[in-house]
Amino acid sequence: MDNYSGNKEIMDRYSLRGKVFNKIREDILSGDYPEKYELREAAISKEMGVSRTPVREALRQLELEGLVSIIPNKGAYVNGITSKDIYDIYVIRSYLEGLCAKWACENITAAQIEDLEEIIYLSEFHIKKEHWEQIFELDNRFHHAMYKACGSKILEHILSDYHHYVERVRKNTLSSQERASMAGREHKAILQSVKDKDEEKAERLANEHIFKSIANIKNQGLDKLMQKHRINK
């Protein structure tokens, strides 16, 4: 009985830390906490209705991710996301997405293929109707389904994090029918190459898909996109 209670307390604490961590990270990525902003444990714990312990643990984890700097005897400060960070993430993603598609050729299941086909079908419908929120959500679903299909928890975790880091910039890049339609066709081609188990083609198409996104971002002006979505420059 005592062991059970102890384990439950540990699980609850980590679950709470996870919620605090995700909330602070979301506020940093959205720009609600600007660069160099001091993250005071007392203020955050009061705002979220938690003790200082999960806040302190969350800040340490955010430091490991590079989003926060903890200065001894001073406090925790937001590093923010720069234009270079965004470009770096996209370039890194391009290669990892290619690897993901390559591995999916061997590991994807029939159920996962069916799910991806449904996502593509729904995307085509909403693109014609210019339903931007649905288009963005389906784009998220496609990529996360591919991450799951690669068969590697490590790669899935890394890509999911990178995908989330640039979410607000991505949302704006899909706000035109031309780019949304092109992205939909690229998704369809990637999935077909995975179904055909053509590893070389799947890797190349997935890699090119992200580089086309980079080109689209450059055309729109990354600094303007970051300012619009309150991501720090």
Side-chain angles (χ1 to χ4, degrees), residues 86-222 225 228-229:
I86 296 295
Y87 279 124
D88 288 349
I89 288 171
Y90 266 93
V91 172
I92 294 168
R93 269 189 66 204
S94 71
Y95 293 103
L96 293 182
E97 295 260 2
L99 180 62
C100 175
K102 178 180 179 179
W103 285 357
C105 289
E106 290 299 320
N107 295 299
I108 197 167
T109 65
Q112 288 170 333
I113 289 174
E114 186 176 344
D115 182 41
L116 283 158
E117 288 176 334
E118 180 183 6
I119 292 170
I120 289 172
Y121 173 79
L122 291 172
S123 297
E124 290 173 343
F125 171 80
H126 287 294
I127 289 169
K128 290 178 182 177
K129 299 292 184 180
E130 298 188 355
H131 295 160
W132 304 118
E133 288 296 328
Q134 290 88 340
I135 292 168
F136 180 68
E137 177 58 31
L138 288 163
D139 182 81
N140 277 337
R141 282 182 57 190
F142 178 86
H143 283 278
H144 285 293
M146 284 295 297
Y147 302 160
K148 183 73 68 176
C150 79
S152 168
K153 291 181 180 179
I154 302 300
L155 185 55
E156 178 187 354
H157 174 73
I158 293 171
L159 279 170
S160 294
D161 269 355
Y162 282 158
H163 197 72
H164 182 64
Y165 270 38
V166 296
E167 187 169 294
R168 279 156 185 78
V169 171
R170 285 181 46 254
K171 191 168 188 177
N172 202 63
T173 64
L174 289 169
S175 61
S176 73
Q177 190 173 59
E178 180 181 4
R179 177 54 198 159
S181 297
M182 184 180 296
R185 291 193 294 271
E186 291 164 9
H187 287 174
K188 195 171 186 176
I190 291 168
L191 178 58
Q192 186 59 55
S193 64
V194 170
K195 289 167 61 178
D196 293 340
K197 298 191 180 298
D198 189 334
E199 294 183 1
E200 183 178 344
K201 185 176 182 180
E203 183 173 20
R204 175 174 56 80
L205 291 176
N207 178 272
E208 290 175 354
H209 173 60
I210 304 301
F211 269 106
K212 287 177 182 176
S213 296
I214 296 174
N216 186 49
I217 289 171
K218 287 181 178 179
N219 290 336
Q220 293 192 52
L222 178 56
L225 293 178
K228 180 175 180 179
H229 290 288

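Reckoned from all heavy atoms, side chains included, excluding hydrogens, waters and symmetry mates.
- Once rounded to the nearest 0.5 Å, the distance linking CH2 of W103 with CD of E156 reads 12.5 Å.
- Expressed to the nearest 0.5 Å, how far OH of Y147 lies from CD of E97 amounts to 3.5 Å.
- In this structure, the side-chain contact (heavy atoms from CB on, under 4.5 Å) partners of F211, at least two apart in sequence or on a different chain, are S94, Y95, N207, I214.
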Distance-only criterion, 3.5 Å: show the donor-acceptor pairs between side-chain atoms of residues 116-123 and protein atoms not counting sequence neighbours.
from : atom 1 : to   : atom 2 : distance (Å)
E117 : OE2    : K195 : NZ     : 2.6
S123 : OG     : I119 : O      : 2.8

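- Applying the side-chain contact (heavy atoms from CB on, under 4.5 Å) test to K153 and every residue at least two apart in sequence or in another chain returns nothing.
- Residues I127 and S181 come closest through the heavy atom pair CG2-OG, 3.2 Å.
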Quick one: do R141 and D115 satisfy salt bridge (Lys or Arg N to Asp or Glu O under 4.0 Å)? Show the steps, please. CA-CA 9 Å; R141 282 182 57 190; D115 182 41; 3.6 Å; yes
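- For I92, the side-chain contact (heavy atoms from CB on, under 4.5 Å) test picks out L96, Y162, with sequence neighbours left out.
- Taken to the nearest 0.5 Å, the CG atom of L138 stands 11.5 Å off from the CD atom of E133.
- When all heavy atoms of Y90 and I210 are compared, the closest pair comes out as O-CG2, 3.2 Å.
- Identified under the salt bridge (Lys or Arg N to Asp or Glu O under 4.0 Å) test for residues 100-110, with sequence neighbours left out: none.
- Of the inter-residue distances, the one linking L99 atom CG with C150 atom SG reads 7.5 Å to the nearest 0.5 angstrom.
- Under a cut-off of 6.0 angstrom, the local environment of CD in E200 is sparse, with at most 12 non-hydrogen atoms contributed by other residues, nucleotides or ligands.
- For H143 and H209, the distance between ring centers is under 6.0 angstrom.
- Taking CD from Q192 and NZ from K188, the interatomic distance works out to 9.0 Å, rounded to the nearest 0.5 Å.
- Contact detail for Q112 and I108: the closest heavy-atom pair is OE1-CA, 3.4 Å.
- The local environment of NZ in K197 is crowded, with over 12 non-hydrogen atoms from other residues, nucleotides or ligands closer than 6.0 Å.
- Atom CD1 of I135 and atom CD of E130 lie 7.5 Å apart (nearest 0.5 Å).
- Between R179 and K212, the closest side-chain pair of non-hydrogen atoms falls below 4.5 Å.
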From CA spacing to verdict: side-chain contact (heavy atoms from CB on, under 4.5 Å), I190, K201: CA-CA 8 Å; I190 291 168; K201 185 176 182 180; over 6 Å; no
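- Summarising the geometry of L205 relative to A189, their closest heavy-atom pair is CD1-O, 3.6 Å, with the distance given to 0.1 Å.
- The minimum heavy-atom distance linking C100 with L159 is given by the pair CB-CD1, 3.8 Å.
- The side-chain contact (heavy atoms from CB on, under 4.5 Å) test applied to A202 returns A101, C105, S193, V194, not counting sequence neighbours.
- In this structure, the side chains of K148 and H144 stay at 4.5 Å or more apart for every pair of heavy atoms.
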